[in-house]
Each structure stands twice: as C-alpha cells, then as structure tokens.
Amino acid sequence: MSTAPTTDPNAAPTTDLTTDPTAGPHAAPVRFDTKIAVLLREDLEPWQRLNVTAFLVSGLGTTVPEVIGEPYQDADGVSYLPMFRQPVLVFEGTKETLRAAHGRALTRALPCAVFTADLFATGNDRDNRAAVRAVPTADLDLVGLAVYGPRNGVDKILKGARMHP
C-alpha cells in the first residue's frame with residue numbers, strides 16, 4: 001500500500017532535482033540546500049564516535065522538525081518511525097578544528113548540539129546538562145558537534161575538517 005507524501009508548509013525549502021521523489025530507484029538524486037553534519041574529534045575510540053554521533057543528532061529532530069521525513073512502511077503495511085529526510089554527513093578533525101567550528105556555528109546562530117568529554121563520565125540527561133552548564137563556552141572540552149543549516153553555511157563552519165573515514 002502506497003500513499004502520496006505529504007508536505008509540511010512550515011518546512012524549509014529545498015532544491016530538488018526531481019519532480020517526484022517517490023519515482024523509484026532510477027530517479028535523479030534529490031539535492032538539498034541544507035546540510036546535517038556531525039564533526040567528531042579525531043582521537044575518539046570507535047565506540048565513542050558512535051555514541052557521540054547518536055547523541056548529537058538526537059537533538060535535531062525535536063528542535064528542527066523540518067529535518068524529519070515521513071514515517072516508513074514496508075510492503076506488509078508495518079509502520080516504522082520517521083527518520084531524517086536527508087543524509088547526515090560525518091566529519092572529523094583536531095581539537096582545534098572542533099573549537100573553531102564551534103565558534104563559527106555560534107557566530108552564524110545555526111542549530112547546534114555539543115558533546116563534551118565530561119559527558120563520557122555521566123549516565124543520564126540531568127547530569128549531562130549539568131556537566132555542560134558547569135563550563136564556560138570557551139572552556140568546553142568538545143569531542144563532537146552537530147550542526148544544521150544552509151549547505152554553504154555548514155560548509156564554512158566545517159572548514160578544516162575532513163570526511164570521516
């Protein structure tokens with residue numbers, strides 16, 4: 001069973017190269033004028049990279065609803081949760097690259113999430129928020145940053161970072 005996608009009148013406009021994003025696997029790719037990006041500090045352990053990425057992107061769906069697509073449904077009619085409507089690009093960089101990106105994100109006032117090294121020692125949301133609140137902005141020991149906004153703005157924020165291998 002297939003239904004026509006609905007459009008959100010409050011969603012940010014995108015530049016799509018297709019006229020029908022449901023046209024199938026051979027349709028031209030959809031291009032977005034926005035970008036969701038995660039920047040991770042390059043010295044993280046693999047488990048930390050996954051944990052930080054998951055935590056960082058979780059904030060976008062609740063505060064930036066236009067990033068969420070329609071719910072999924074398989075051929076048997078089983079429904080699944082909606083996910084981001086566009087890819088999440090993951091980058092890595094040095095501690096200095098992360099600090100500079102954080103400053104640029106704040107200057108541009110784009111939606112941003114942070115993960116600090118202190119959060120590896122906490123075990124719940126209340127303690128996580130308290131750990132971030134206890135440190136001045138300039139002194140945050142950032143290990144990850146998620147940002148959403150216009151493609152060119154996010155690209156400028158990520159200057160010096162490289163795609164995660």
Side-chain angles (χ1 to χ4, degrees), residues 1-42 44-93 98 101-102 105-106 108-116 119-120 122-129 131-132 142-158 161-165:
M1 176 188 304
S2 170
T3 60
T6 59
T7 57
D8 178 355
N10 299 318
T14 60
T15 305
D16 292 346
L17 296 180
T18 63
T19 56
D20 181 9
T22 62
H26 301 293
V30 175
R31 302 282 185 224
F32 297 95
D33 63 357
T34 58
K35 185 180 274 189
I36 300 171
V38 172
L39 174 57
L40 302 172
R41 203 167 72 193
E42 65 187 358
L44 297 179
E45 295 293 326
W47 72 267
Q48 292 173 318
R49 290 171 184 261
L50 295 171
N51 183 269
V52 170
T53 300
F55 268 91
L56 287 171
V57 298
S58 70
L60 288 175
T62 58
T63 58
V64 188
E66 66 266 20
V67 300
I68 302 298
E70 296 294 319
Y72 284 73
Q73 188 175 68
D74 66 25
D76 293 324
V78 177
S79 295
Y80 303 95
L81 295 172
M83 295 185 281
F84 292 130
R85 64 183 180 92
Q86 66 190 88
V88 175
L89 302 173
V90 182
F91 297 81
E92 70 175 6
L98 197 57
H102 179 241
L106 295 177
R108 292 181 176 275
L110 292 180
C112 175
V114 296
F115 196 105
T116 66
L119 302 188
F120 290 126
T122 61
N124 61 73
D125 185 54
R126 182 191 68 235
D127 292 342
N128 286 350
R129 287 182 285 108
V132 173
L142 297 169
V143 299
L145 170 80
V147 64
Y148 170 76
R151 176 184 295 277
N152 63 346
V154 172
D155 289 344
K156 288 176 182 173
I157 288 168
L158 298 174
R162 60 193 171 277
M163 287 295 292
H164 190 280

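One is the number of the first residue; the rest follow in order along the sequence. Not measured: the values here are computed from a predicted model.
- Side-chain contact between M163 and F91 is present, with heavy atoms from C-beta onward closer than 4.5 Å.
- Closest heavy-atom contact between F115 and L56: N-CD2, 3.6 Å.
- Between S79 and Q73, some side-chain heavy-atom pair lies under the 4.5 Å cut-off.
- Salt bridge annotation for D155-R151: absent, with no cationic side-chain nitrogen under 4.0 angstrom from a carboxylate oxygen.
- Annotation: the span from L44 atom CG to T53 atom OG1 amounts to 8.5 Å, rounded to 0.5 Å.
- Within the 3.5 Å criterion, the main-chain N or O of E42 finds a donor-acceptor partner in the side chain of R49.
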Residues V88, V38; criterion side-chain contact (heavy atoms from CB on, under 4.5 Å); working and verdict: CA-CA 7 Å; V88 175; V38 172; 3.9 Å; yes
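- Residues C112 and A105 approach most closely at SG-CB, 4.2 Å, considering heavy atoms.
- Separating the CG atom in L50 from the CD atom in E45 is a distance of 11.5 Å, to the nearest 0.5 Å.
- Here the CG atom belonging to L98 is positioned 4.5 Å from the CG atom belonging to L39, to the nearest 0.5 angstrom.
- Salt bridge E92/R162: present, at least one basic N to carboxylate O contact under 4.0 Å.
- Inter-residue side-chain proximity for Y72 and L81 is flagged as unmet; no heavy-atom pair is nearer than 4.5 Å.
- Considering NZ of K35 and CG of L158, their distance stands at 6.5 Å, rounded to 0.5 Å.
- Atom-to-atom distance recorded for I68:CD1 and T62:OG1 is 8.5 Å, nearest 0.5 angstrom.
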Check against side-chain contact (heavy atoms from CB on, under 4.5 Å), V143 and L40: CA-CA 6 Å; V143 299; L40 302 172; over 6 Å; no
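- Around the CZ atom of F55, the shell of radius 6.0 Å holds no more than 12 heavy atoms that belong to other residues, nucleotides or ligands.
- Formation of a donor-acceptor pair under 3.5 Å by the R41 side chain with backbone atoms of G93 is not found in this model.
- The pair R85-E66 does not meet the salt-bridge criterion, since no charged nitrogen lies less than 4.0 angstrom from a carboxylate oxygen.
- Closest of all the heavy-atom pairs between V154 and G149 is CG2-N, 3.6 Å.
- Checked by atom type and distance alone, the side chain of T122 pairs as donor or acceptor with a backbone atom of L119 at under 3.5 Å.
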Candidate pair F120 and Q48, rule side-chain contact (heavy atoms from CB on, under 4.5 Å), full reasoning: CA-CA 8 Å; F120 290 126; Q48 292 173 318; 3.6 Å; yes
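- Checking N128 against D125 by side-chain atom types alone, no donor-acceptor pair falls below 3.5 Å.
- Note that the OH atom of Y148 and the CG atom of L110 stand 10.0 Å from one another [nearest 0.5 Å].
- Formation of a donor-acceptor pair under 3.5 Å by the D76 side chain with backbone atoms of V78 is not found in this model.
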side-chain contact (heavy atoms from CB on, under 4.5 Å) between Q86 and F32, intermediate numbers included: CA-CA 7 Å; Q86 66 190 88; F32 297 95; 3.4 Å; yes
